[in-house]
There are 2 protein chains.
Amino acid sequence: MTDKEALQIHINIGMLVGSVNRAMTKRFVQNAHKMGLDISLDQWMVLGPIWRFEGVSQKDIAEFCMKDKTSVTRIINTLEKKNLVVRVPDQIDHRINRIVLTHQGKQLFQNVLPVIEKTREEVRKGISDEEIETLKKVLTKITQNLEKDNG
Amino acid sequence: MTDKEALQIHINIGMLVGSVNRAMTKRFVQNAHKMGLDISLDQWMVLGPIWRFEGVSQKDIAEFCMKDKTSVTRIINTLEKKNLVVRVPDQIDHRINRIVLTHQGKQLFQNVLPVIEKTREEVRKGISDEEIETLKKVLTKITQNLEKDNG
DNA sequence: AAATATTAGTTGCATCTACAACTATTTTGT
DNA sequence: ACAAAATAGTTGTAGATGCAACTAATATTT
């Protein structure tokens, strides 16, 4: 394989993944904005586990969202500024923050669900269930490949 | 479909794509660093078209890389600070910058090629060519779906 | 030729990210 | 019990991103 071919192949996947990531993020925010909702996809992703597991720790949020703990810290800062969540220190283990949705947070969450659905439909248009399954499978495999030690 | 299922399905794809994007970026930088090279994947992606098309404009770089023009502006700022590229104003159309690799830039580019190859191998381990093809096909389709007007 | 529109690129602002270094707290090992 | 290690979270720094508003230059329209 020539150098240029290596470049081509690598960049194709890297560029595609990056491009799709940016495009999905963008479309979600645009759709939310059209419904009068002010929230980013990353903020939404952090809200998800808080909705499902009231009082979840930041560490667990990071795990569910596959994000860095520093990212979670800062996104929760933003969510707290927006009065969507509150940090409640754990009574037993004082290292842990229990993150809880406010009333406002719960309402926003519900309001965003149709935006999620709309975005999902736009993303998946013309793509078969089987293709989506392969997509998920391959992406999961790549994630696993890269989780391994740098060897 | 229940709300929670909608959440699940959407987040799965969004999270996976984001996660893979971050992981690939990270692994590339780590691999480069191990070889004593200081460059990010995004900087590399911008170098690609400059290598292939000497004197390419920022607008065309943005197109090749599927990036926003503002991102390209700022990445080229960084590359210029690192003395890897220079901006040469077009003699005829004074709006356009012609981006050219410096000697240092050319050398770095060559040195990074093995890093690209190594990262590519790590990413693709245990994934068949057919799966990669499907991945590319589906990601391209999603890109196209989201390029359309917000309707 | 003058007014208008388009294009290439930059800048300010807000968000998201990784890494390293840090604090505070809890757990483990001896 | 006490020292060492692990854990949860925060902060500083630097890079990347989108959007809107902007400048400067070219192309189009009338």
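It should be emphasised that the depicted structure is a prediction, and the values quoted were computed from it without experimental measurement. The sequence lines fix the lettering, A, B, ..., with proteins before strands; numbering per chain opens at 1.
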Subject >> Which residue lies more 5' along DNA chain C, comparing B:Asp60 with A:Lys67 via nearest heavy atoms >> reply: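 Nearest-nucleotide comparison on DNA chain C picks B:Asp60.
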**OP:** State whether the distance check finds a donor on one side and an acceptor on the other, under 3.5 Å, for side chain A:Lys69 versus base D:dG9.
**Re:**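 Looking at the base of D:dG9, it does pair with a donor or acceptor on the side chain of A:Lys69 (distance under 3.5 Å).
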Testing the 3.5 Å rule here: is there a donor-acceptor pair between the side chains of [X] and [Y]?
X	Y	result
A:Gln58	A:Asn97	yes
B:Gln43	B:Lys82	yes
B:Gln91	B:Arg98	no
A:Asn31	A:Thr119	yes
A:Ser40	A:Asp42	no

Could you check how far [atom1] of [X] sits from [atom2] of [N], rounded to whole Å?
X	N	atom1	atom2	value
B:Ile76	D:dA16	CD1	C1'	14 Å
A:Leu41	D:dT17	CG	P	16 Å
A:Asp68	D:dA8	CG	P	14 Å
A:Lys59	D:dT7	NZ	P	8 Å
A:Glu80	D:dG9	CD	P	13 Å
A:Arg22	D:dC19	CZ	C1'	15 Å
A:Ile99	D:dA8	CD1	P	13 Å
B:Lys82	D:dA14	NZ	P	13 Å

Subject >> Side-chain donor/acceptor of B:Arg87 to backbone N/O of B:Ile99, under 3.5 Å >> reply: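 Answer holds: no.
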Residues 16-26 of chain A, side-chain donor-acceptor partners within the protein, below 3.5 Å, at least two apart:
from: A:Arg22; atom 1: NH2; to: B:Met66; atom 2: O; distance (Å): 2.6
from: A:Thr25; atom 1: OG1; to: A:Asn21; atom 2: O; distance (Å): 2.8

**OP:** Give a yes/no answer on whether the side chain of A:Thr70 brings an N or O atom under 4.0 Å of OP1 or OP2 in D:dG9.
**Re:**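 For D:dG9, OP1/OP2 do not have a side-chain N/O of A:Thr70 under 4.0 Å.
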Subject >> Any A:Thr73 side-chain N or O less than 4.0 Å from OP1/OP2 of D:dT10 >> reply: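 Indeed, a polar side-chain atom of A:Thr73 lies that close.
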**OP:** For B:Arg74, answer base if it contacts any base atom (sugar-phosphate contacts may also be present), sugar-phosphate if it contacts only those atoms, and nothing otherwise; contact means non-hydrogen atoms under 4.0 Å.
**Re:**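 Contact class for B:Arg74: base.
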**OP:** Report which part of the nucleic acid A:Thr25 touches: base, sugar-phosphate, or nothing (heavy-atom distance under 4.0 Å, all strands).
**Re:**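 Nothing: the residue A:Thr25, judged by heavy atoms under 4.0 Å, touches no strand.
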Original post:
Does any residue of residues 86-98 of chain B have a heavy atom under 4.0 Å from DNA chain C, and if so, which ones, in number order?
Top reply: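 Those residues are B:Arg87, B:Arg95, B:Ile96, B:Asn97.
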Original post:
Quick one: does A:Glu131's side chain get under 4.5 Å of B:Lys137's, heavy atoms only?
Top reply: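 Yes, their side chains come closer than 4.5 Å.
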Original post:
How far apart are the closest heavy atoms of B:Ile39 and B:Phe28, and which atoms are they?
Top reply: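 For B:Ile39 and B:Phe28, the tightest heavy-atom pair comes out as O-CE2, 3.8 Å.
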Original post:
Does anyone know the first and last nucleotide of DNA chain C in reach of chain A, 5' to 3', at under 4.0 angstrom to a heavy atom?
Top reply: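 So the outermost contacting nucleotides come out as C:dT15 to C:dT26.
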